[in-house]
Amino acid sequence: MRGPLGRRHLLALLPVLAFLLLGSGFWRMLHGLHNGQFDPHAVMTPQLGKDVPSFPALAGIPLSGTPTVQGAGTGIDTGIDAAALQGQTGPVLVNFMASWCIPCVAEMSQLKAISQVLPVWGIAYKDRVPRVAAFVRRNGQPYARLATDPDGRAAVEWGVTGVPESFLVMPGGQILWHGTSALDEATFRREILPLLMQARKEGRW
């Protein structure tokens, strides 16, 4: 003799249970939005406030003959590693990019503007060196250093989930800011510039 809740009854209840769970999730999200505990634009930034991760030394990308912005182009062929970032006496913006990335094209003009204020170091994610070189020649050259991460191992260590992503690295190697979308002037003025000014006020560089 079957019990009061047979298999058919349990199967019939599954959509109801799923609906209740989904509704509970939406209610918690809306409640968080209302009281400020949930920000739909927030991103996971596990490296924020930490030192730059240990990552394999990345080979530089030769860009001889490429026009550069003022102050850039001095270490293009040098490559990038954690020690080089930690040894900087001023802040550096590390920008993960790729030649096949459309948003990376969109942010190039802003990167060139930023490079007038602080050095921008580029890391080409899972890309081919000739394509990266052609990308820079075509869209302009904001990078003081440009290196290749052909297998994406460095990006994994940095916690990169897609390109473009950028990190503001302070002298000594601490990551002070992390952005997961194409940089624009509003983001720079709203999020990065105040951090730079505060760090300058505190005598950190």
- prompt: Heavy atoms, side chains only, cut-off 4.5 Å: are Q88 and P171 in contact?
  reply: no

Could you list the donor-acceptor pairs under 3.5 angstrom formed by side chains in residues 117-124, with sequence neighbours left out?
none

- prompt: Of the non-hydrogen atoms in A84 and R145, which two are nearest, and what is the gap between them?
  reply: CB-NH1, 3.7 Å

- prompt: Are L58 and T148 close enough, and set up right, to give a side-chain contact (heavy atoms from CB on, under 4.5 Å), and what steps lead you there?
  reply: CA-CA 6 Å; L58 305 175; T148 177; 5.9 Å; no

task: List the steps, then state whether side-chain contact (heavy atoms from CB on, under 4.5 Å) holds for K50 with I175.
output: CA-CA 6 Å; K50 298 181 180 178; I175 297 173; 5.7 Å; no

Pairs involving residues 93-197, ordered by first then second residue, that meet disulfide (SG to SG under 2.5 Å) (sequence neighbours left out): C101-C104

Under the side-chain contact (heavy atoms from CB on, under 4.5 Å) test, residues paired with V156 that sit two or more places apart: none

- prompt: At what distance, to the nearest 0.5 angstrom, does OG of S99 lie from CZ of R138?
  reply: 7.5 Å

- request: May I have the step-by-step check of side-chain contact (heavy atoms from CB on, under 4.5 Å) for R200 and L196, ending in yes or no?
  value: CA-CA 6 Å; R200 172 70 86 179; L196 290 173; over 6 Å; no

Heavy-atom pair of closest approach, residues A98 and V163: CB-CG2, 4.1 Å

message: Can you list everything that forms a ring pair (Phe, Tyr, Trp, His ring centres under 6.0 Å) with W177? Sequence neighbours excluded, please.
response: none

field: Minimum side-chain heavy-atom gap W158-V52 below 4.5 Å
entry: yes

- request: Please assess F188 against L193 for the test side-chain contact (heavy atoms from CB on, under 4.5 Å), listing each intermediate value before the final yes or no.
  value: CA-CA 6 Å; F188 179 73; L193 196 55; 4.1 Å; yes

query: By side-chain contact (heavy atoms from CB on, under 4.5 Å), which residues pair with D51, not counting sequence neighbours?
result: Q174

side-chain contact (heavy atoms from CB on, under 4.5 Å) partners of A155, counting only residues at least two apart: F96, Y125, D149, V160

